[in-house]
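Positions are given from 1, in the same order as the sequence printed here. All values reported here derive from a predicted model rather than from experimental measurement. As a basis for the values below, the full set of heavy atoms in this structure was taken, side chains included, without hydrogen atoms, waters or symmetry mates.
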Amino acid sequence: MRENGPVTSATRQPETPAAALPPRLIATDLDGTLLRDDKSVSERTVAALAAAEEAGVEVFFVTGRPARWMDVVSDHVHGHGLAICGNGAAVVDLHGGPGAHRFVKVRELARENALDAVRLLREAAPGTVFAVEQTYGFYQEPAYPKLHMEMPDNLAPAEQLLAPDAPGAGEPVLKILAFHHELDPDAFLTVARRAVGDRATITRSSPSALLEISGPGVSKASTLELCCAERGISPAEVVAFGDMPNDVEMLTWAGTSYAMGNAHPAVIAAASGRTVANNEDGVAVVIEKILAERL
């Protein structure tokens, strides 16, 4: 989940690491990576994704977005039709199209852990406001800004939203969102990780001070690893793409990985290679090169 806006300047040519094994799976982030800044998928990228699937290389969309925001790529799923959403909190079957997705796997954030995170962040960073992302519902505090193009299902303090008798209490919590109006985004992330510790996984994908808090050990990387293990695919057979801190673990885990030309410095440091920016079809550039080398 990411707002528009470049993070670093684009590189002009992709730097291509040598894959340890011929790739069997491509794992790509969406916002700031596969999608252009206007949230479109270019014709070149659509063609590259289709060519990869035709060549027998699975494509997984791995995103911080909730399942209900996956309509942007629902027309471009092939084969298995699965996507990893919510930074690894859910594996979703997109074959049904917008509004008809099916949750295949859910890795929820326990409400007691979420409440601990809320309490500790209120203490460590006064002024933090929260929202709660569930499998189908979205709830927020009154002071939480309108960052998303949707109306919350309920407005209340986070402690009430996470209570046993809260609306949607029977629905798994995928993640909570924490926003601060004044702190630097990276500084906020550092403060939050130090305060919350191992009670939750904390990352960010927005250029603003917006944190995404998932269950302990839940990340894009750990859920992708589970999906790959089910298919007998090793890390060395995975090529991954990303642009923001929530992609770092995935890029580190994959045998071959690319930071986008517009990537956050932490992503550049984690990836084994670099491609051009999302607006220049950086994912497609690499896929085309991979497929050409397979001929």
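Between the side chains of S222 and E249, not a single donor N or O lies within less than 3.5 Å of an accepting N or O. Side-chain atoms of N87 and S214 include no donor-acceptor pair closer than 3.5 Å.
You'll find the side chain of I290 reaches within 4.5 Å of the side chain of P23, heavy atoms only. Side-chain contact between E288 and R44 is present, with at least one heavy-atom pair separated by less than 4.5 Å. Residues I84 and C227 form a side-chain contact, since some pair of their non-hydrogen atoms from C-beta on lies under 4.5 Å apart. Residues T135 and L174 form a side-chain contact, since some pair of their non-hydrogen atoms from C-beta on lies under 4.5 Å apart. The shortest side-chain heavy-atom distance between E212 and L177 falls under the 4.5 Å cut-off. A 4.5 Å side-chain heavy-atom check between T223 and F60 finds every atom pair outside the cut-off. Looking at V46 and E43, their side chains never come closer than 4.5 Å, going by heavy atoms from C-beta outward. Residues V283 and T275 fail the side-chain proximity criterion, which asks for heavy atoms closer than 4.5 Å.
Put simply, the residue from V239, V57, V238 that forms a side-chain contact (heavy atoms from CB on, under 4.5 Å) with L25 is V238.
The pair K105-E230 meets the salt-bridge criterion, since a charged nitrogen lies less than 4.0 angstrom from a carboxylate oxygen.
For N279 (side chain) and D37 (main-chain N/O), a donor-acceptor pair under 3.5 Å exists by modelled atom type. Side chain of T252 to backbone of V248: a donor-acceptor contact under 3.5 angstrom is found. Formation of a donor-acceptor pair under 3.5 Å by the N278 side chain with backbone atoms of L35 is found in this model. Between the side chain of K220 and the backbone N or O of A27, no donor-acceptor pair lies under 3.5 Å. Using a distance-only test at 3.5 Å, with no hydrogens or angles considered, no donor-acceptor pair links the side chain of R65 to the main chain of C85. Between the T128 side chain and the A125 main chain, a donor and an acceptor come within less than 3.5 Å of each other. Side-chain atoms of N113 do not come within 3.5 Å of backbone N or O of L109 as any donor-acceptor pair. Using a distance-only test at 3.5 Å, with no hydrogens or angles considered, no donor-acceptor pair links the side chain of Q160 to the main chain of P157. For E171 (side chain) and Y136 (main-chain N/O), a donor-acceptor pair under 3.5 Å exists by modelled atom type. Between the side chain of D184 and the backbone N or O of A187, at least one donor-acceptor pair lies under 3.5 Å.
In this structure, V91 is a member of the same hydrophobic cluster as I233, with clusters built from ILVMFWY side-chain heavy atoms closer than 4.5 Å. The hydrophobic clustering, which links ILVMFWY residues whose side-chain heavy atoms are closer than 4.5 Å, places I202 and V173 together. A continuous path of ILVMFWY side-chain contacts below 4.5 Å connects L94 to L30, so both sit in one hydrophobic cluster. The cluster map of Ile, Leu, Val, Met, Phe, Trp and Tyr, joined by side-chain heavy atoms under 4.5 Å apart, puts L155 and L162 in different clusters. Taking hydrophobic clusters as Ile, Leu, Val, Met, Phe, Trp and Tyr residues chained together by side-chain heavy-atom distances below 4.5 Å, F179 does not share a cluster with F188.
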Could you go through the salt bridge (Lys or Arg N to Asp or Glu O under 4.0 Å) check for R122 and E141 one step at a time? CA-CA 13 Å; R122 290 204 197 280; E141 295 189 318; 2.4 Å; yes
Apply side-chain contact (heavy atoms from CB on, under 4.5 Å) to residues L121 and F130 and explain how you reach the verdict. CA-CA 10 Å; L121 269 175; F130 297 91; 3.9 Å; yes
Show, in sequence, the C-alpha distance, side-chain angles and deciding distance for M70 and T63, and conclude whether the side-chain contact (heavy atoms from CB on, under 4.5 Å) test is met. CA-CA 9 Å; M70 294 300 288; T63 178; 3.7 Å; yes
side-chain contact (heavy atoms from CB on, under 4.5 Å) between W253 and S219: does it pass, once the steps are laid out? CA-CA 11 Å; W253 176 82; S219 68; over 6 Å; no
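Interatomic distance, S205 OG to H264 NE2, rounded to the nearest 0.5 Å: 11.5 Å. N262 CG to T33 OG1: the interatomic distance, rounded to the nearest 0.5 Å, is 7.0 Å. The structure places CG of L34 at 6.0 Å from CZ of F61, a figure rounded to the nearest 0.5 Å. Taken from CZ in R199 to CD in E112, the straight-line distance is 12.0 Å, to the nearest 0.5 Å. In this structure, CG in L211 is found 9.0 Å from CG in L183, a value given to the nearest 0.5 Å. In this structure, CG in L189 is found 10.5 Å from CZ in R194, a value given to the nearest 0.5 Å.
Residues T201 and G217 come closest through the heavy atom pair OG1-N, 3.1 Å. G127 approaches H180 most closely through the heavy-atom pair C-CD2, 3.9 Å. The two atoms that bring A178 and I213 nearest to each other are CB-CD1, 4.2 Å, heavy atoms only. Residues M260 and G282 come closest through the heavy atom pair CE-CA, 3.8 Å. Residue A52 comes nearest to L291 through the heavy atom pair N-CD1, 3.7 Å, listed as atom of the first residue, atom of the second, then distance. Minimum interatomic distance between R111 and A169 (heavy atoms only, all atoms of both residues): NH2-CA, 3.4 Å.
In this pair, Y258 and F241 present their aromatic rings parallel. The plane angle is below 30°, not in the 30 to 60° band.
Atom CD of E182 has 12 or fewer heavy atoms from other residues, nucleotides or ligands within 6.0 Å.
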